[in-house]
Asker: 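Below you'll find the structure I mean.
Order of the sequence lines sets the chain letters (A, B, ...), proteins ahead of strands, with each chain counted from 1.
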Amino acid sequence: MSDATIITAREMGVVGCRRCTQVWPQGTETCGRCGKRLQLRDHKSLQRVWAWWIVGMMCYIPANMYPMLRTRTLFTVQQDTIVGGAIELFTHGAPFVAAIILFASVVIPLGKFFAIAYLAISVQRRSVASFEQRHLLYEVVEYIGRWSMIDIFVVAILSSLVQLRTLAAIDPGPASLFFALSVIFTMLSAQSFDSRLIWDVQSRDKGEAQRGH
Amino acid sequence: MESRLPPQPLPDLIVCPQCDAAYKLTRPEHGERAVCARCHTALITPRSKAGLQIIAVSIAIVVLVIAATVFPFLTIKVAGTQNSVSILDAALAFSDGPLIALSLSTAALIIFIPLLRVLLALYVLIPVVLDRMPAKGSRKAFRLSEALRPWSMAEIFAIGCAVALVKITDLADVSFGPAFWMFAILVVLVVAQDNFMCRWTVWKSLDGLRKPERET
């Protein structure tokens, strides 16, 4: 790592705008270019991360317990939860689609909960675990979070398309709402995270060595 | 801001918004990328003629969004009964009871937010590319466009489509309407438009608004 040569804005006594990267002297309140509030570090960041995280988790539980889809054919009515629907697909010879659904609706959301929790805890404990890997993890979480909405869109397409009067109909179940909320809340949780905090332990050690502060 | 002189920006520096590393600003050549050495966030990614390209692509997106929303998107046929839907129908599928909120947000995520972002980009970029003063409220517009970025989900809807199609092909005959192909092109254009744009360059050009106040 070439980190020995890197000086942070905090050490230089300046503050960078997180939206437009304009640099201002420390103590400037809002960015004169884009109007964003300038904060050297967002100290309420972790509180917001945990708040959204908990709400997201609370929505994720009913999302898995209630049915996502209600399929009505001539003689039967079938209600499928997320996992149940995926298993159904798997046994009906579409293992690839089942894998996409499972990946997007179970693996990604759960992985995201763990990843965000890990990042927040590691920052709270001033972990020195690889900064680069944790930053990468953060970027992956931010990027991949939106893709969990796939399942909602699948439900939307299916339930608008398959409306064949008496023959067959697919209707969305209550889980769809909870699942969408869970995705939105975890996205907000990831967005609240101030990724500069990951790197602070490293910079602080160096800063202390230099200034004896 | 009230009693003292307004704070002066430091135009020779750039700070990585993701990890707070500070660098001396050197503008990369067209086609090059300035990347944070510590966390590898792309800071400046200029492209030659990016402005014009983005405007052209944006106009195409506006036309396609409007067309793709109204034309039939998919048609399903089972034993003589058929049903065809547009994207708007799909977005508004959750229409009963509390699910209506989900309907509205789905419509926003796949149609209105992508459309709004493109319109905002046009509003911001057209004066800049024509070397005029930035339009009134440009910075607010670009700010909104950036804030909406994670919530524009057209490409995710496209993958959702693919999954839904596989799910019902053995249940019924599905045929594609014109909107399906428009939407396919649209998704590629939306992603391209987003990747062409160098945020730093746009903010830099909007800076011109404030020039009279500064001494540079």
Asker: Pick from B:Val78, B:Ile44, B:Thr41: which one has the most heavy-atom pairs with chain A under 4.5 Å?
Answerer: B:Val78
Asker: Please classify the contact of A:Ile198 with chain B as side chain, backbone, both or neither, using a heavy-atom distance under 4.5 Å.
Answerer: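 Neither the backbone nor the side chain of A:Ile198 comes within 4.5 Å of chain B.
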Asker: Quick one: of B:Leu99, B:Leu109, B:Leu165, who has the most non-hydrogen atom pairs under 4.5 Å with chain A?
Answerer: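 With the most close heavy-atom pairs to chain A, the winner is B:Leu99.
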Asker: Mind ranking B:Phe142, B:Trp200, B:Trp151 by heavy-atom pairs under 4.5 Å with chain A and telling me who comes out on top?
Answerer: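 The residue among B:Phe142, B:Trp200, B:Trp151 with the greatest pair count is B:Trp151.
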Asker: Might you work through the side-chain contact (heavy atoms from CB on, under 4.5 Å) test for A:Arg19 and B:Trp203, ending with a clear yes or no?
Answerer: CA-CA 9 Å; A:Arg19 183 153 51 203; B:Trp203 280 119; 4.0 Å; yes
Asker: Given a strict heavy-atom distance threshold of 4.5 Å, which part of A:Thr73 is in contact with chain B: side chain, backbone, both, or neither?
Answerer: neither
Asker: Can you tell which part of A:Glu29 gets under 4.5 Å to a heavy atom of chain B, answering side chain, backbone, both or neither?
Answerer: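 A:Glu29 has no heavy atom closer than 4.5 Å to chain B.
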Asker: Would you indicate whether the side-chain heavy atoms of B:Val166 and A:Phe96 approach each other to under 4.5 Å?
Answerer: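 Of all side-chain heavy-atom pairs linking B:Val166 with A:Phe96, none is under 4.5 Å.
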Asker: Return the CZ to CD distance between A:Arg146 and B:Glu155, rounded to the nearest 0.5 Å.
Answerer: 4.5 Å
Asker: Looking at CD1 of B:Ile159 and CH2 of A:Trp147, how far apart are the two atoms once the value is rounded to the nearest 0.5 Å?
Answerer: 5.0 Å
Asker: Just give me the residue among B:Ser84, B:Pro150, B:Ala91 that pairs up with chain A most often, heavy atom to heavy atom, under 4.5 Å.
Answerer: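 The answer is B:Pro150.
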Asker: Does any heavy atom of chain B fall under 4.5 Å from the side chain of A:Tyr143, the backbone, both, or neither of them?
Answerer: neither
Asker: Please classify the contact between A:Leu69 and chain B as side chain, backbone, both or neither, with a heavy-atom cut-off of under 4.5 Å.
Answerer: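 Side chain only.
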Asker: side-chain contact (heavy atoms from CB on, under 4.5 Å) between A:Leu164 and B:Gln82: does it pass, once the steps are laid out?
Answerer: CA-CA 7 Å; A:Leu164 301 163; B:Gln82 73 164 32; 5.7 Å; no
Asker: Compare all side-chain heavy atoms of B:Ile76 with those of A:Gln163 and state whether any distance is below 4.5 angstrom.
Answerer: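 Side-chain contact under 4.5 Å: no.
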Asker: Who among B:Arg199, B:Arg143, B:Met153 has the most heavy-atom pairs with chain A under 4.5 Å?
Answerer: B:Arg143
Asker: Could you check if a side-chain atom of B:Cys161 sits within less than 4.5 angstrom of a side-chain atom of A:Phe153, using non-hydrogen atoms only?
Answerer: no
Asker: How many angstroms lie between atom SG of B:Cys19 and atom CG of A:Leu197, to the nearest 0.5 angstrom?
Answerer: 12.0 Å
Asker: Looking at B:Leu74, B:Val85, B:Asn83, which hits side-chain contact (heavy atoms from CB on, under 4.5 Å) with A:Ser160?
Answerer: B:Val85
Asker: Most heavy-atom pairs under 4.5 angstrom with chain B, which of A:Ala104, A:Gly16, A:Ala9?
Answerer: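 Most heavy-atom pairs under 4.5 Å with chain B: A:Ala9.
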Asker: Could you tell me which portion of A:Gln191 (side chain, backbone, both or neither) has an atom closer than 4.5 angstrom to a non-hydrogen atom of chain B?
Answerer: side chain
Asker: To the closest 0.5 Å, what do you measure between OH (B:Tyr23) and OG1 (A:Thr21)?
Answerer: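 These two atoms lie 12.5 Å from each other.
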Asker: For the residue pair B:Gln18 and A:Arg18, establish whether any side-chain heavy-atom pair is separated by less than 4.5 Å.
Answerer: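 Side chain of B:Gln18 against side chain of A:Arg18, heavy atoms only: contact under 4.5 Å found.
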Asker: Do A:Arg33 and B:Leu206 have side chains that approach each other closer than 4.5 Å (heavy atoms only, starting at C-beta)?
Answerer: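 Side chain of A:Arg33 against side chain of B:Leu206, heavy atoms only: no contact under 4.5 Å found.
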Asker: I'd like to know which of A:Ile100, A:Leu167, A:Asp194 tops the heavy-atom pair count under 4.5 Å against chain B.
Answerer: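 Maximum pair count with chain B is reached by A:Leu167.
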Asker: With chain B as the partner, which of A:Ser195, A:Gly35, A:Cys31 has the greatest number of non-hydrogen pairs under 4.5 Å?
Answerer: A:Ser195
Asker: Would you say B:Arg38 and A:Thr8 make side-chain contact, with heavy atoms under 4.5 Å?
Answerer: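 Sidechains of A:Thr8 and B:Arg38: in contact.
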Asker: So, taking the atom named CG in B:Leu102 and the one named CD1 in A:Ile184, what distance separates them when rounded to the nearest 0.5 Å?
Answerer: 8.0 Å
Asker: What part of A:Leu161 gets within 4.5 angstrom of chain B, counting heavy atoms only: side chain, backbone, both, or neither?
Answerer: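 Its backbone and side chain both get close to chain B.
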Asker: Is A:Tyr66 atom OH crowded by more than 12 heavy atoms from other residues, nucleotides or ligands, each under 6.0 Å away?
Answerer: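 Incorrect, the count does not exceed 12.
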Asker: Looking only at heavy atoms, what is the nearest atom pair of A:Cys17 and B:Pro17, with distance?
Answerer: O-CB, 4.3 Å
Asker: Report the distance from atom CD1 of B:Ile168 to atom CD1 of A:Ile157, rounding to the nearest 0.5 Å.
Answerer: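 Result: 8.5 Å between the selected atoms.
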Asker: With a 4.5 angstrom heavy-atom cut-off, which part of A:Leu177 approaches chain B: side chain, backbone, both or neither?
Answerer: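 Contact with chain B: backbone and side chain both.
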Asker: Measure distances from B:Ile110 to the heavy atoms of chain A and classify the residue's part below 4.5 Å as side chain, backbone, both or neither.
Answerer: side chain
Asker: Does B:Tyr123, at its OH atom, have more than 12 non-hydrogen atoms belonging to other residues, nucleotides or ligands within less than 6.0 Å?
Answerer: yes
